[in-house]
A.B. asks: 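Attaching a single structure in structure tokens format; questions to follow.
In this text, all values refer to a predicted model and were calculated from it rather than measured experimentally. Start at 1 with the first residue, then count along the sequence.
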Amino acid sequence: MLYDYVERKRKENSGAQLHVTYLVSGSLIQNGHSCHKVAVVREDKLEAVKSKLAVTASIHVYSIQKAMLKDSGPLFNTDYDILKSNLQNCSKFSAIQCAAAVPRAPAESSSSSKKFEQSHLHMSSETQANNELTTNGH
């Protein structure tokens, strides 16, 4: 919707000053390892960021503003503050909904994290015993 809005406004008024910020994701090779990168970039930096990615997974219009942003911090901080203040209901701000997705009870989530910690400790001691280097747990 935001992409269509920008295109329509730019066609209607060729002098319209709209500054677009994109959310770009993809994979790149860094220090010999493949990693996934997600970045919020201004329109004038979009091609430079895309050229660094081996595979571009997605490009979405993140925001539109009349003034050029010096950095994307204020965009992130706004979302962060809203989510932080209302973590239990943060999905209500999303257009993506799944009725089957329900939050776990606090007791259930704490027991899951304990099981994870125990399995992680067990895995770490095995790895140390084998004296093998690991990357991302593998």
A.B. asks: Identify each donor-acceptor pair in which a side-chain atom of residues 19-32 lies under 3.5 Å from a protein atom, sequence neighbours left out, and give them as a table.
C.D. replies:
residue, atom, partner, partner atom, Å
Thr21, OG1, Ser63, OG, 3.4
Thr21, OG1, Gln65, NE2, 2.9
Ser25, OG, Ser58, OG, 2.7

A.B. asks: For Glu12, give me all partners under salt bridge (Lys or Arg N to Asp or Glu O under 4.0 Å), at least two apart in sequence or on another chain.
C.D. replies: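 Glu12 satisfies salt bridge (Lys or Arg N to Asp or Glu O under 4.0 Å) with Arg8, Lys9 only.
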A.B. asks: Per the salt bridge (Lys or Arg N to Asp or Glu O under 4.0 Å) rule, what does the pair list look like for residues 21-41, sequence neighbours excluded?
C.D. replies: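 Qualifying pairs: none.
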A.B. asks: Compile the donor-acceptor pairs under 3.5 Å between side chains in residues 38-49 and protein atoms, sequence neighbours left out, one pair per line.
C.D. replies:
residue, atom, partner, partner atom, Å
Arg42, NE, Asp44, OD1, 3.1
Arg42, NH1, Leu69, O, 3.2
Arg42, NH2, Asp44, OD2, 2.9
Glu43, OE1, Arg10, NH2, 2.9
Glu43, OE2, Arg10, NH1, 3.0
Glu47, OE2, Lys50, NZ, 3.3

A.B. asks: Could you pull out all residues at least two apart from Ile64 that satisfy side-chain contact (heavy atoms from CB on, under 4.5 Å)?
C.D. replies: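 Once residues adjacent in sequence are excluded, the partners of Ile64 under the side-chain contact (heavy atoms from CB on, under 4.5 Å) criterion are Leu2, Tyr5, Val6, Leu18, Val61.
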